[in-house]
Each structure stands twice: as structure tokens, then as C-alpha cells.
Number of protein chains: 2
Amino acid sequence: MTNTSTERQACTMELLRQANLRPTRQRITLSFLLFGNGDRHVTAEHLHAEAVAAGEKVSLATVYNTLHQFRQAGLLRELAIDGSKTYFDTNTSNHSHFFDEQQGALIDIPEDSVRVEGLPTPPPGMRISHVDVVVRLVRE
Amino acid sequence: MTNTSTERQACTMELLRQANLRPTRQRITLSFLLFGNGDRHVTAEHLHAEAVAAGEKVSLATVYNTLHQFRQAGLLRELAIDGSKTYFDTNTSNHSHFFDEQQGALIDIPEDSVRVEGLPTPPPGMRISHVDVVVRLVRE
DNA sequence: ATTCCTGCAAAGGTTTTGCAATGGG
DNA sequence: CCCATTGCAAAACCTTTGCAGGAAT
């Protein structure tokens with residue numbers, strides 16, 4: 001543990017300020033939950049439950065709004081894993097994922113271990129913004 | 001053009017029979033739209049609109065049912081591309097996709113051109129069922 | 001005749017939106 | 001004080017489901 005709680009909180013405030021988002025009580029709690037303790041994958045509902053469990057009074061609508069604001073600010077990446085739910089990843093680097101289809105669990109694969117080779121040139125007038133790799137797992 | 005329309009229709013009927021699905025009017029039309037003319041990516045709504053435009057009387061619920069029945073029979077693959085919509089691919093081989101985020105358009109990448117290397121071993125008790133690669137494109 | 005399939009409408013789940021009330025700067 | 005932000009409830013959206021009528025074997 002190298003940071004005090006106060007230092008981490010100051011860091012969180014700085015994140016919000018740089019993203020041009022007013023550091024409201026709700027946003028501070030949510031960014032703390034998201035960025036305060038390593039890389040995470042969350043859904044809106046999951047994060048909302050966590051905030052409520054932590055004693056924060058915040059609505060689900062605000063969680064959705066905040067997640068999208070953070071995504072627009074480049075603090076989160078949206079993942080298309082499963083048609084029915086939207087996952088957000090606090091690790092915005094270009095890394096791959098394992099996905100356990102039965103459990104709905106996501107696991108990061110370190111950024112530099114996976115290489116995608118032999119990609120064709122994109123159609124004219126277009127460029128690659130991101131390469132998503134999802135490795136789907138089933139129980140043996 | 002090597003097949004007559006009748007031959008293609010016979011082929012379609014054969015698909016359904018092998019999948020243990022009664023060759024009803026709706027299923028015949030839908031499988032013909034899906035498999036009658038090369039590889040395709042469709043959403044339920046898109047396929048429904050196409051069927052209606054072709055003069056077929058079919059409900060959206062039946063299109064959903066049929067797409068899932070075809071997927072269970074291994075005739076289609078479901079793609080997670082975008083949180084809000086489910087895409088189905090008539091090409092069930094393990095290939096990659098370009099996705100144009102602005103247009104929502106999907107383009108196949110030939111199966112053998114892309115290689116994913118350096119994947120770590122799956123967690124104990126699990127094995128890889130499929131590797132999905134989506135190359136997201138933006139306008140330059 | 002029996003079983004499967006279809007259509008409709010209603011329910012389901014997730015996400016977005018409109019608007020009045022609240023709270024930071 | 002002003003304007004961004006919040007919360008609520010309603011709406012929007014895609015998808016699934018229940019069930020009665022219809023079609024296939």
C-alpha cells in the first residue's frame with residue numbers, strides 16, 4: 001500500500017477535473033470504485049449495486065450517465081461481449097479477454113502476450129481504431 | 001449460375017430436414033434468403049424486413065425463433081459486435097470481421113489470413129471454444 | 001390425429017430520456 | 001445565482017414468452 005486514502009481521493013478528483021466533469025458526490029464514489037483498486041470489468045447494474053452497498057445514494061440512471069461520460073473522456077472502454085449486457089473496462093489499453101460463457105466472467109489477457117497477424121488492409125478511406133479479441137471458454 | 005432455382009430450393013429443404021426442422025413456408029423463405037446467395041450478416045429485424053419485402057407473411061417473433069433454431073443446428077453463428085443488436089453470420093467458419101462503427105456494417109475477413117498468436121493457456125478446467133476477432137474501423 | 005409451428009400481444013430486461021429538484025462553482 | 005447534475009418515472013428498444021389457432025406429418 002503506497003498511497004493513502006486521501007492521496008487516492010485527490011487523484012480521483014484530478015481525473016474528473018481533467019475530464020471536465022464536476023466532482024459531484026456520486027461521480028467521486030463511482031470513479032473511486034472504478035479506478036481505486038486495479039483493473040475492473042463492470043456492468044452498469046453491477047456498479048450501481050456496489051455503490052449502493054457502499055452506502056452511496058445514487059440512481060441507476062446516473063450510473064449509466066457516468067459510465068458513458070467516463071467512456072467519452074477515454075477513462076473506460078466499452079466491450080461488446082454478449083448481446084444482452086454492456087461491459088465497461090477500466091483498462092483502456094489494447095488487450096484481449098477470456099470470456100467464460102457460463103459464468104459471464106471476463107478475464108484480462110496481458111496486453112503484450114497476444115499478437116494478431118495477417119490483418120488485411122482496411123477498405124479505402126478507413127483506418128483501424130481498435131482490434132477486439134475475445135477468447136470464449138467453455139467447461140471441459 | 002450453376003444451380004436452378006428448383007435445385008437451390010431442394011437444397012434448402014434438405015438443410016431443414018437435416019436440422020430436424022419442419023420445412024414450413026416461413027422457414028423455407030428465411031433459409032432461402034439466408035443461404036441462397038453467399039455469406040451474409042443479418043439482424044432479426046433486417047431479415048424480417050427482407051422477408052416481408054419479398055412478399056412473405058412472417059412475424060418478427062418467428063424470425064427470432066427461426067434464427068435461434070438455425071443457430072442451434074449449427075447453420076448460423078451469433079456475433080457479439082455491438083451491445084444493442086444481435087448479428088447472425090451464415091459463415092460459420094472461424095473467421096474475423098471488420099466492423100464499420102459509423103455505418104454498422106460488417107465485412108468478413110478471409111478465414112486463413114488472420115492469425116492470433118501468443119494466447120495464454122485457459123484457466124484450469126476450461127477450454128477455448130472460439131476466438132472472436134473484431135477489427136473496428138473509423139473514417140479517416 | 002397428433003405434434004409442431006406460427007402469430008399476436010404481452011411481458012421481460014436493459015438502456016435512454018424528459019423534466020423538476022438539487023447542488024457545485 | 002447560474003447552470004450542470006441528479007433522480008425518478010416513463011419511454012424506448014430489442015428480445016422472449018404464453019397461448020390459441022393453424023399447418024405439417
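Quick note on labels: first sequence line is chain A, next is B, and so on, each numbered from 1.
- Using a 4.0 Å heavy-atom distance criterion, R25(A) is classed as making no nucleic acid contact.
- Nearest approach of T12(B) to I28(B), heavy atoms of both residues: CG2-O, 4.0 Å.
- In this structure, of dC14(D), dC8(C), dG7(D), it is dC8(C) that holds the atom nearest to the side chain of A61(B).
- Taking atom CZ on F88(A) and atom P on dT14(C), their separation rounds to 14 Å, with Å as the unit.
- Contact annotation: side chain of R22(B) to base of dT3(C), donor-acceptor pair present below 3.5 Å.
- Atom CD in E56(B) sits roughly 8 Å away from atom P in dG7(C) (whole-Å rounding).
- You'll find that the side chain of K57(A) is closest to dC8(D), out of dT5(D), dT15(C), dC8(D).
- Rounded to an integer number of Å, the gap from CZ of R27(A) to C1' of dG7(D) is 14 Å.
- Closest approach to the L60(A) side chain among dT25(D), dT14(C), dT15(C) is made by dT15(C) (side chain taken as heavy atoms from C-beta onward).
- Atoms CG (L21(A)) and P (dA4(D)) sit 13 Å apart, rounded to a whole Å.
- Residue N65(B) has its side chain nearest to dT17(D) when only dT17(C), dT17(D), dT15(C) are considered.
- F70(B) and F35(B) have tilted rings, their planes meeting at an angle from 30° to 60° on a 0 to 90° scale.
- Taking side-chain N and O atoms only, Q26(A) has a distance below 4.0 Å to OP1 or OP2 of dG7(D).
- Side chains of R71(B) and R77(B) form no contact here, defined as non-hydrogen atoms less than 4.5 Å apart.
- Among the protein residues, S84(B) comes within range of the sugar-phosphate backbone only, with heavy atoms under 4.0 Å from sugar or phosphate atoms but none that close to a base.
- Distance, R17(B) CZ to dA24(D) C1': 13 Å, rounded to whole Å.
- For L67(A) and dT14(C), the CG to P distance is 15 Å, given to the nearest whole Å.
- In the set dT5(D), dT15(D), dC8(C), dT15(D) carries the atom at the smallest distance from any side-chain atom of T86(B).
- Distances were taken from every side-chain heavy atom of P23(A) (C-beta onward) to each of dG25(C), dG7(D), dT16(D); the shortest belongs to dG25(C).
- T90(A) contributes a side-chain N or O that, together with a main-chain N or O of R40(A), makes up a donor-acceptor pair within less than 3.5 Å.
- When distances are taken from the side chain of T24(B) to each of dT6(D), dC8(D), dA24(D), the shortest belongs to dA24(D).
- Rounded to whole Å, the distance from CG on L30(B) to C1' on dC5(C) is 13 Å.
- Which of dT25(D), dG7(C), dG7(D) sits closest to the side chain of T62(A) comes down to dG7(D).
- Here dT16(C) is the nucleotide among dT15(D), dT16(C), dG7(D) with the atom lying nearest to any side-chain atom of Y64(A).
- Of the listed nucleotides (dT15(C), dT16(D), dT5(D)), dT16(D) has the atom at the smallest distance from the side chain of H68(B).
- A side-chain N or O of H41(B) and one of D108(B) form a donor-acceptor pair less than 3.5 Å apart.
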